[in-house]
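Note that this is a predicted model, so its numbers are computed, not measured.
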Amino acid sequence: LAELYSTMGQLRKAEKTFLQVFQLGDQYRMTYSIAFGAAHIGLAEVMRQWNRLDTAVEHLQQGFEICEKWGALDLVKAHVCLSRIKMAQGDSSGAMEAIQTAIDLAEDHDQRFRGGVAVATRARLWLAQGEIEKAGRWAQERGEYCEDDLGELNELEGIVLARVLLAQEKQDEALEVLQESLQLRR
């Protein structure tokens with residue numbers, strides 16, 4: 001539920017729900033469960049969005065510790081979050097290293113959706129670094145893959161694809177991607 005709130009941009013509700021997970025974990029002595037680790041990673045992402053980077057890093061470290069112990073697949077999400085934190089801190093090489101780890105983990109564990117988020121995040125990093133050509137190659141590959149069906153794109157991929165098209169001064173195509181993406185989400 002907390003993940004859904006976070007995805008919907010209802011960050012206060014997401015934070016409250018993640019904190020309830022921690023309370024339940026404490027109550028039932030399950031502070032090293034996979035759910036507890038995932039909650040730390042989710043709360044880290046909420047904190048990052050609020051620009052509370054120190055708190056985000058603390059929760060992310062706890063999430064890493066728990067998920068690495070269990071071999072949990074939430075590590076892909078954790079590395080995506082770490083990449084976003086590194087970028088917010090101005091560490092573009094650290095951000096790129098973290099996102100590459102996320103991509104590799106997603107491929108190793110056949111996590112198509114999370115892999116798509118990780119690859120789209122890398123394209124977004126390329127845009128932030130001014131590497132429009134690299135981002136453009138991703139957009140071309142992604143666009144060709146789902147040329148007839150933008151429903152294959154997750155929400156982040158659609159937004160990043162539109163950003164790349166805007167950076168390439170292809171406003172009409174970007175608008176088309178956003179309109180189709182919006183229709184699919186209704």
Side-chain angles (χ1 to χ4, degrees), residues 1-15 17-18 38 41-51 56 60 73-88 92 95-186:
L1 184 59
E3 289 289 330
L4 181 61
Y5 285 142
S6 184
T7 300
M8 293 171 51
Q10 297 179 9
L11 302 181
R12 297 262 180 244
K13 287 182 179 179
E15 177 192 34
T17 307
F18 284 128
I41 293 166
L43 187 56
E45 180 60 28
V46 169
M47 293 296 126
R48 182 203 60 84
Q49 289 184 58
W50 284 337
N51 203 32
L60 193 57
L73 299 178
D74 284 308
L75 289 172
V76 174
K77 182 177 179 185
H79 281 283
V80 170
C81 182
L82 177 61
S83 175
R84 291 172 176 164
I85 291 169
K86 294 281 187 188
M87 197 62 178
S92 58
M96 197 56 76
E97 185 178 320
I99 205 61
Q100 189 58 52
T101 301
I103 292 167
D104 293 344
L105 283 168
E107 288 174 0
D108 291 348
H109 296 285
D110 197 29
Q111 289 190 336
R112 185 173 172 214
F113 177 80
R114 290 199 177 166
V117 169
V119 172
T121 300
R122 180 178 59 189
R124 191 172 177 185
L125 290 172
W126 283 330
L127 281 179
Q129 295 170 349
E131 297 189 44
I132 296 170
E133 189 174 310
K134 285 183 180 179
R137 280 196 300 272
W138 167 81
Q140 183 177 4
E141 290 170 10
R142 198 65 188 119
E144 288 173 0
Y145 174 76
C146 58
E147 192 171 277
D148 296 325
D149 184 10
L150 282 175
E152 290 293 322
L153 292 173
N154 66 53
E155 186 175 359
L156 177 65
E157 287 176 305
I159 291 169
V160 175
L161 180 57
R163 285 181 175 185
V164 171
L165 292 168
L166 286 172
Q168 295 173 326
E169 299 182 10
K170 298 178 180 177
Q171 291 83 355
D172 292 340
E173 291 177 50
L175 183 59
E176 183 180 318
V177 166
L178 290 173
Q179 287 174 334
E180 287 185 41
S181 184
L182 183 61
Q183 287 176 344
L184 292 170
R185 306 296 176 247
R186 289 183 178 180

Exercise for the section: Please tell me if the side chains of Val46 and Tyr5 come closer than 4.5 Å, counting only heavy atoms from C-beta onward. Expected result: no

Atom of [X], atom of [Y] and distance for their closest heavy-atom approach:
| X | Y | answer |
| --- | --- | --- |
| Ala118 | Ile103 | CB-CG1, 3.7 Å |
| Ser83 | Leu125 | OG-CD1, 3.3 Å |
| Val80 | Ala102 | CG2-CB, 3.8 Å |
| Glu15 | Trp50 | OE1-CH2, 3.4 Å |
| Ala120 | Glu157 | CB-CG, 3.8 Å |

Drop me the distance from [X]'s [atom1] to [Y]'s [atom2], to the nearest 0.5 angstrom.
| X | Y | atom1 | atom2 | value |
| --- | --- | --- | --- | --- |
| His79 | Leu105 | NE2 | CG | 5.5 Å |
| Leu75 | Asp104 | CG | CG | 13.0 Å |
| Leu60 | Met47 | CG | CE | 12.5 Å |
| Arg48 | Ile85 | CZ | CD1 | 7.5 Å |
| Leu178 | Ile159 | CG | CD1 | 7.5 Å |
| Ile41 | Asp74 | CD1 | CG | 5.0 Å |

Fill in the blank from the handout: Sorted by chain and residue number, the side-chain hydrogen bond (donor to acceptor under 3.5 Å, both in side chains) partners of Glu3 (sequence neighbours excluded) come out as Lys77

Handout entry: Candidates Asp172, Leu165, Leu166 - the one meeting side-chain contact (heavy atoms from CB on, under 4.5 Å) with Val177
Key = Leu165

Exercise for the section: Examine distances only and state if a side-chain atom of Thr17 and a backbone atom of Lys13 form a donor-acceptor pair shorter than 3.5 Å. Expected result: yes

Handout entry: Whether Ser6 side chain and Ala2 backbone form a donor-acceptor pair below 3.5 Å
Key = no

Practice task
Would you indicate whether Glu97, at its atom CD, is surrounded by more than 12 heavy atoms from other residues, nucleotides or ligands within a distance under 6.0 Å?
Solution key: no

Practice task
Quick one: which residue pairs count as a side chain to side chain donor-acceptor pair (under 3.5 Å) with a foot in residues 161-170, not counting sequence neighbours?
Solution key: none

Handout entry: Any pair counted as side chain to side chain donor-acceptor pair (under 3.5 Å), so long as it reaches residues 122-136, sequence neighbours left out
Key = Gln100-Arg122, Glu131-Lys134, Glu133-Arg137

Exercise for the section: Run the numbers on Val164 and Leu127 for side chain to side chain contact (heavy atoms under 4.5 Å, CB included), then give the verdict. Expected result: CA-CA 7 Å; Val164 171; Leu127 281 179; 3.7 Å; yes

